[in-house]
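One structure is given here, and the rest of the page talks about it.
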Amino acid sequence: MAEAPVGRKLVEVDGLKMHFPVFAGLLRRRAGAVRAVDGVSFSIAEGETLGLVGESGCGKSTVGRALLRLCEPTAGRIAIDGEDVLQLSPAALRRKRPTMQMVFQDPQASLNPRMTLSSIISEPLNVHTDWSAERKAVRVRELMDAVGLDRRFVNRFPHEFSGGQRQRVGIARALALNPKFIVCDEPIAALDVSIQAQVVNLLERLQRDFGLTYLFISHDLSMVRHIADRVAVMYLGRIAELSPRDALYAQPLHPYAEALLSALPRVDRAGSGGRAGGRGRIILKGDVPSPARMPPGCNFHTRCPKVFDRCRTETPQLGEVQPGRLVACHLYPATKPAAAPTGGNNKNTTPQQGD
Ligand code: SF4
């Protein structure tokens, strides 16, 4: 199991819910709610990378957006660097923004095609500082150096760059105000496989150089294995398992995590001693239920190969079942309820794609 030294918690999330109302009928009465995120709790230590994985629609991107208050959660508490971001006034939130930033999935869509690199990267400086034009120009060039963009490109437009270069621009913009915490929302999903590892390596180097803390949202389990210290597996709006990376990939405990990781090529799993490495792919039957009609009990019970009676009526709570490992499943009685431990850095592998 990966070592999990406890660091200072930079991000603390407790009971986060994001429900979207559903209206129906002629009078558009409220008929229910889509539970995109349904009681998610975790914390991230300073300098740590927490991977957040799961199928499309499981709520992982909504968690990322809620953390930065890009959408208003229905319930829960989010503390970043000791401040409850959900309680901040608009003015206080604006002052807080520089410390928490986001790198988006699609660099093409997230960059204004009519703006030059210089104006894109300096945009946050215009909004949050009263720096002179000269000082901003110096900062833009520093940031371009930091992300590996040629300074001569400063007056070019996004369409003149490759996808990887555009993502570097997006990262430079996110770094402009010296943030502490960055949500990376599928930052490599729109890139060619050959350059995905370059961008991940860049994110790792920037983390070391600037002491950044990441929430790395991705469906790419191989890349998450490379970059994350701990990994949270989400299913239908809830965390099924949150474990140190090495322990999870060697032996996932939650049946959903086990099925998800069984889809990885054997070379990307643990050694043959681990269950995940020593068995074939687990094919789940049935579709993911609608988050507007959550099944009672365990939300995975309609597809779980290990379901038993209790699962259909009683919702399992996320709890610590082994040191540092949190699982929400009746098969694993918790030794203590979830007080999501933070992990330490334990990166040691190299990316396996076109680096
Ligand atoms: Fe499967 Fe039951 Fe565990 Fe849910 S609680 S994952 S249905 S065994």
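As the structure lists them, so they are numbered: ligands from 1, and atoms in each ligand from 1. Just so it is clear, the values below take in all heavy atoms, side chains as well, and ignore hydrogens, waters and symmetry mates. What you see is a predicted model, and the numbers here were worked out from it, not measured in a lab.
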- Task: On the 0 to 90° scale, with breaks at 30° and 60°, tag the His159-Phe157 ring pair as parallel, tilted or perpendicular.
- Result: parallel
- Note on the structure: The single option from Thr315, Leu318, Val233 that satisfies side-chain contact (heavy atoms from CB on, under 4.5 Å) with Arg238 is Thr315
- Measuring to atom 2 (Fe) of ligand 1, does Cys311 have an N/O/S atom at a distance below 2.8 Å? yes
- Item | Donor + acceptor pair across side chains of Thr116, Asn155 (<3.5 Å) | no
- Message: Given Glu241, His254, Lys306, Arg312, identify the one with the heavy atom nearest to atom 6 (S) of ligand 1.
- Response: His254
- Query: What's the shortest distance from atom 1 (Fe) of ligand 1 to any protein heavy atom, and which residue and atom give it?
  - Reply: Cys304 SG, 2.3 Å
- What are the atoms of ligand 1, with element, lying closer than 4.0 Å to any heavy atom of Leu331? 8 (S)
- Tell me: protein heavy atom nearest atom 3 (Fe) of ligand 1, and distance? Cys329 SG, 2.3 Å
- Message: Looking only at the side chains, is there a donor atom on one of Tyr235 and Glu241 sitting less than 3.5 Å from an acceptor on the other?
- Response: no
- Note on the structure: among protein heavy atoms, the one nearest atom 5 (S) of ligand 1 is His330 N, 3.3 Å
- Message: Quick one about Asn299 and Arg35 (side-chain donor to acceptor, distance below 3.5 Å, no hydrogens or angles considered), yes or no?
- Response: no
- Message: Under 2.8 Å from atom 3 (Fe) of ligand 1, is there any N, O or S atom belonging to His301?
- Response: no
- Message: Just by distance, no angles: are the side chains of His330 and Glu314 close enough, under 3.5 Å, to form a donor-acceptor pair?
- Response: no
- of all protein heavy atoms, closest to atom 4 (Fe) of ligand 1 is Cys298 SG, 2.3 Å
